[in-house]
K.L.:
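So that we are looking at the same thing, I have put the structure below in structure tokens.
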Amino acid sequence: MPEVYNWQLGRKMAYVYEEAHPQKQFAAVFNINRCIGCQTCTGTCKATWTFSKGQEAMWWNNVESKPYGGFPQHWDVKILQKLDEAHQAAGKKAEWDTAQTGEAEPYGVYNGMTITEAATPEQQALGYLPPDSEWRAPNFYEDTSTGYKGDNLGISTEGASLPEHQTWFFYLQRLCNHCTYPACAAACPRKAIYKRPEDGIVLIDQARCRGYRKCVEQCPYKKTMYRGTTRTSEKCVACYPRVEGNDPLSDGVPMETRCMAVCPGKIRMNGLVDIAEDGSWAEAPNHPLYHMIKVEKVALPLYPQFGTEPNIYYIPPRWAPRAYLRQMFGPGVDEAIARYVAPSRELLAVLQLFRTTQKMIFRYEIEEGPLVLETEVNGQPWQMYDDTVIGFDAQDREVARLSVVEPIHERPVERLNSI
Ligand code: SF4
Ligand code: SF4
Ligand code: SF4
């Protein structure tokens with residue numbers, strides 16, 4: 001197999017195709033700390049793309065309650081188990097070397113095997129085909145927390161407090177990661193799955209697909225789904241007409257996708273980042289996604305050890321056990337949570353930009369404001385400034401302007417509600 005460079009693993013890895021990169025990459029940051037589990041994103045994707053016959057159990061976007069929930073059921077436990085068995089059989093350990101960190105290996109070096117490296121001779125990537133029963137609902141175990149261990153009834157009389165809750169759950173928002181090295185494309189014997197050179201969106205050519213379900217088997221995130229009525233597989237299309245700026249609402253500039261734009265919890269920010277020829281992210285310090293992912297490292301990839309280099313990034317939930325989060329988001333978890341809990345002046349301003357516009361933001365500026373709070377966070381001094389952050393679209397037009405301190409608007413007396 002050819003070798004490609006995976007920056008999330010800090011090393012080269014085996015992949016079915018030669019290294020090739022798009023000019024831009026579709027990416028997003030999800031702030032798990034803010035998700036209210038309302039499933040507006042899930043319903044909106046369904047109402048837009050998967051409302052037809054044969055798509056009843058198809059949820060391109062789903063939000064699941066961790067640790068117990070999953071769509072399909074137990075998808076991550078099952079693939080983690082398979083990966084673990086492959087390591088045991090090979091006498092290897094799925095460990096990270098965090099002593100080696102740098103520009104090209106921001107989380108250290110992963111010394112274990114990825115799903116393409118651990119594949120059986122019949123597969124391009126390690127995987128399994130879930131039975132129909134596991135696809136029957138998008139959020140099994142909704143809102144189910146772990147039990148409190150100190151009491152027979154599993155209830156704590158003292159409540160929970162940070163830094164780690166003893167009884168916990170969190171919402172995990174999921175859609176196709178439009179991976180840099182997609183396992184679905186590697187698996188497809190018909191070469192029906194392709195990654196677009198202009199924006200890195202991964203699509204299935206419905207005319208070429210014959211429904212062999214190799215992609216369903218080998219996507220580790222289980223984000224391609226089989227449709228019995230057409231006998232083809234389908235997946236999230238990244239709302240590409242919006243990303244292209246062809247939606248009637250878009251003014252000709254890229255817009256965020258439907259599931260991103262509707263989020264009432266304001267947890268999602270979607271954009272396009274520039275990719276250099278070698279596959280690294282071109283430096284763009286004033287791009288909000290670049291700032292959060294590359295500069296502050298506050299948002300992390302989901303199961304980077306799978307090796308597909310996923311492009312949806314998560315700000316980890318600060319109350320969940322760190323060992324669980326490190327398995328899910330890699331070794332950058334502790335630093336990411338520390339930076340989120342006591343954000344830098346710039347990060348605090350950038351975090352205000354979530355869900356302020358449906359247009360994709362390509363650049364931001366910050367106008368400095370006064371110091372409004374001096375306090376301590378985790379025993380360290382921390383200051384808050386009322387800065388103003390301004391977001392610009394692809395044509396460099398201002399599309400968002402927000403201050404850190406939410407302004408209060410008083411209604412004039414003649415506009416008061418008189419009912
Ligand atoms: S998440 Fe799965 S379906 Fe999406 S690009 Fe990656 S491997 Fe393919
Ligand atoms: S990006 Fe579009 S197609 Fe993909 S999950 Fe979101 S709404 Fe659905
Ligand atoms: S719409 Fe937003 S807040 Fe609601 S479940 Fe989806 S990601 Fe969470």
Side-chain angles (χ1 to χ4, degrees), residues 15-16 25-51 55 58-65 71 75-76 79 114-116 124-127 138-139 142-143 170-188 192-196 199-204 213-225 233-243 247 255-270 301-304 306-312 314-315 317 354-355:
Y15 183 63
V16 175
Q25 177 60 55
F26 173 93
V29 167
F30 293 174
N31 182 356
I32 293 180
N33 295 277
R34 298 189 65 157
C35 178
I36 53 174
C38 63
Q39 307 282 2
T40 311
C41 48
T42 309
T44 302
C45 177
K46 178 151 267 306
T48 310
W49 297 106
T50 62
F51 50 80
Q55 294 177 310
M58 199 178 265
W59 302 91
W60 291 354
N61 180 104
N62 79 294
V63 177
E64 55 202 44
S65 304
F71 175 72
W75 66 274
D76 51 350
I79 188 69
T114 66
I115 55 162
T116 42
Q124 309 298 335
L126 194 67
N139 192 9
E142 182 167 10
D143 291 4
F170 63 86
Y171 298 117
L172 185 69
Q173 314 72 26
R174 301 210 304 117
L175 55 127
C176 168
N177 290 288
H178 298 278
C179 304
T180 304
Y181 304 116
C184 56
C188 180
I193 305 184
Y194 60 104
K195 189 166 174 68
R196 304 204 311 181
D199 49 25
I201 290 174
V202 175
L203 296 176
I204 303 178
R213 283 181 273 186
K214 287 287 170 193
C215 54
V216 183
E217 178 187 282
Q218 293 174 45
C219 163
Y221 302 97
K222 294 287 167 262
K223 277 298 172 189
T224 65
M225 294 156 207
S233 296
E234 295 181 1
K235 64 181 283 303
C236 154
V237 293
C239 293
Y240 64 84
R242 288 171 69 96
V243 175
D247 186 284
M255 283 186 96
E256 298 195 33
T257 71
R258 293 276 286 142
C259 61
M260 313 273 178
V262 293
C263 173
K266 300 189 175 195
I267 83 138
R268 296 177 171 222
M269 187 189 287
N270 176 209
L302 177 63
Y303 293 118
F306 293 166
T308 63
E309 210 184 281
N311 286 300
I312 306 288
Y314 295 82
I315 303 179
F354 279 70
R355 299 274 38 84

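Index from 1, following the sequence. Read the numbers this way: they start at 1 and go in the same order the structure lists the ligands and their atoms. All of these numbers come straight from a predicted model, not from anything done at the bench.
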K.L.:
Are Arg196 and Leu203 close enough, and set up right, to give a side-chain contact (heavy atoms from CB on, under 4.5 Å), and what steps lead you there?
P.N.:
CA-CA 8 Å; Arg196 304 204 311 181; Leu203 296 176; 3.7 Å; yes

K.L.:
Which atoms from ligand 2 have a heavy atom of Val237 less than 4.0 Å away?
P.N.:
3 (S)

K.L.:
With side chain to side chain donor-acceptor pair (under 3.5 Å) as the test, pick out the partner of Glu256 among Arg242, Arg355, Arg268.
P.N.:
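Of the listed options, the one satisfying the test is Arg355.
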
K.L.:
Which ligand 3 atoms are under 4.0 Å away from a heavy-atom of Thr40?
P.N.:
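Near Thr40, the atoms of ligand 3 are 1 (S).
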
K.L.:
Mind running side-chain contact (heavy atoms from CB on, under 4.5 Å) on Leu172 and Tyr314 for me, showing each step along the way?
P.N.:
CA-CA 9 Å; Leu172 185 69; Tyr314 295 82; 3.8 Å; yes

K.L.:
What are the atoms of ligand 3, with element, lying closer than 4.0 Å to any heavy atom of Cys41?
P.N.:
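Matching atoms, with element in brackets: 1 (S), 5 (S), 6 (Fe), 7 (S).
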
K.L.:
I need the contact type for Cys239 against ligand 2. Using non-hydrogen atoms and a strict under-4.0 Å cut-off, is it side chain, backbone, both or neither?
P.N.:
both

K.L.:
Pick one of side chain, backbone, both or neither for how Ile36 approaches ligand 3, counting any non-hydrogen atom pair under 4.0 Å.
P.N.:
both

K.L.:
With heavy-atom distances below 4.0 Å as the criterion, list the atoms of ligand 3 near Ile267.
P.N.:
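Those of ligand 3 that fall under 4.0 Å from Ile267 are 7 (S).
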
K.L.:
Among Asn31, Ile32, Leu302, which one satisfies side-chain contact (heavy atoms from CB on, under 4.5 Å) with Gln173?
P.N.:
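Exactly one pass, corresponding to Ile32.
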
K.L.:
Grab the two heavy atoms, one from His178 and one from Cys236, that are nearest each other, plus how far apart they are.
P.N.:
NE2-SG, 3.3 Å

K.L.:
Carefully, step by step, assess Tyr221 and Phe306 under the rule ring-ring contact (aromatic ring centres under 6.0 Å, His included).
P.N.:
CA-CA 9 Å; Tyr221 302 97; Phe306 293 166; 5.5 Å; yes

K.L.:
Among all protein heavy atoms in this structure, tell me which lies nearest to atom 7 (S) of ligand 3, with the distance rounded to 0.1 Å.
P.N.:
Arg268 NE, 3.3 Å

K.L.:
Consider only side-chain N and O atoms of Lys223 and Asn62, and report whether a donor and an acceptor are under 3.5 Å apart.
P.N.:
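There is such a pair between these side chains.
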
K.L.:
Atom 2 (Fe) of ligand 3: which protein heavy atom is closest, and how many Å away?
P.N.:
Cys263 SG, 2.3 Å

K.L.:
For Val63, counting its heavy atoms only, list the atoms of ligand 3 lying under 4.0 Å from any of them.
P.N.:
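Those qualifying, in numeric order: 5 (S), 6 (Fe).
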
K.L.:
Ignoring hydrogens and geometry beyond distance, is a side-chain donor-acceptor pair present between Asp76 and Tyr303 at under 3.5 Å?
P.N.:
yes

K.L.:
For Glu234 and Trp60, run side-chain contact (heavy atoms from CB on, under 4.5 Å): C-alpha distance rounded to whole Å, both residues' side-chain angles, the deciding distance at 0.1 Å, then the answer.
P.N.:
CA-CA 9 Å; Glu234 295 181 1; Trp60 291 354; 3.8 Å; yes

K.L.:
If you count the atoms of ligand 3 from 1 in the order shown, which ones are under 4.0 Å from a heavy atom of Pro264?
P.N.:
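Those qualifying, in numeric order: 1 (S).
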
K.L.:
Between the side chains of Thr42 and Asn61, does any donor sit under 3.5 Å from an acceptor?
P.N.:
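Yes, Asn61 and Thr42 have a side-chain donor paired with an acceptor closer than 3.5 Å.
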
K.L.:
I need the single residue from Gln25, Glu309, Lys195 that forms a side chain to side chain donor-acceptor pair (under 3.5 Å) with Thr180. Which is it?
P.N.:
Glu309

K.L.:
Out of all atoms in ligand 3, which are within 4.0 Å of some heavy atom of Gln39? Include the element for each.
P.N.:
4 (Fe), 5 (S)

K.L.:
Looking only at protein heavy atoms, which one is nearest to atom 6 (Fe) of ligand 2, and how far off is it?
P.N.:
Cys259 SG, 2.3 Å

K.L.:
Using side chain to side chain donor-acceptor pair (under 3.5 Å) as the criterion, list what pairs up with Arg258, not counting sequence neighbours.
P.N.:
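Partners of Arg258 under the side chain to side chain donor-acceptor pair (under 3.5 Å) test: Thr48.
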
K.L.:
With a cut-off of 4.0 Å, which atoms of ligand 3 are near a heavy atom of Gly265?
P.N.:
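Checking each atom against Gly265, I get 3 (S).
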
K.L.:
Taking 4.0 angstrom as the limit and counting only heavy atoms of Gln173, give me the atoms of ligand 3 inside it, by number and element.
P.N.:
7 (S)

K.L.:
Against heavy atoms of Ala238, which atoms of ligand 2 measure under 4.0 Å?
P.N.:
1 (S), 3 (S), 4 (Fe)

K.L.:
Measuring from non-hydrogen atoms of Thr48 to any atom of ligand 2, is the shortest distance under 4.0 Å?
P.N.:
no

K.L.:
For Tyr194, I'd like to know if atom OH has over 12 heavy atoms of other residues, nucleotides or ligands within 6.0 Å.
P.N.:
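Result for OH/Tyr194: enclosed.
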
K.L.:
Report the C-alpha separation of Leu175 and Cys45 in whole Å, then their side-chain angles, then the decisive distance to 0.1 Å, and conclude whether the side-chain contact (heavy atoms from CB on, under 4.5 Å) test is met.
P.N.:
CA-CA 10 Å; Leu175 55 127; Cys45 177; over 6 Å; no

K.L.:
Could you tell me the residue and atom name of the protein heavy atom closest to atom 4 (Fe) of ligand 3, and the distance to it rounded to 0.1 Å?
P.N.:
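Ranking protein heavy atoms by distance from atom 4 (Fe) of ligand 3, first comes Cys38 SG, 2.3 Å.
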
K.L.:
Going by the order shown, which atoms of ligand 2 are within less than 4.0 Å of some heavy atom of Trp49?
P.N.:
2 (Fe), 3 (S), 8 (Fe)

K.L.:
Please report the closest heavy-atom contact between Ile79 and Leu126, naming both atoms and the distance.
P.N.:
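Of all heavy-atom pairs spanning Ile79 and Leu126, the closest is CD1-O, 3.5 Å.
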
K.L.:
Could you tally the protein N/O/S atoms lying less than 2.8 Å away from atom 4 (Fe) of ligand 1?
P.N.:
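Atoms of protein N, O or S type lying less than 2.8 Å from atom 4 (Fe) of ligand 1 total 1.
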
K.L.:
Which ligand 2 atoms are under 4.0 Å away from a heavy-atom of Asn61?
P.N.:
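Answer for ligand 2: 5 (S).
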
K.L.:
Checking a contact table here: which protein heavy atom is nearest atom 8 (Fe) of ligand 2, and how many Å away?
P.N.:
Cys45 SG, 2.3 Å

K.L.:
Minimum heavy-atom separation for Cys188 to Ala192, with atom names?
P.N.:
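Shortest heavy-atom contact: SG-N, 3.3 Å.
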
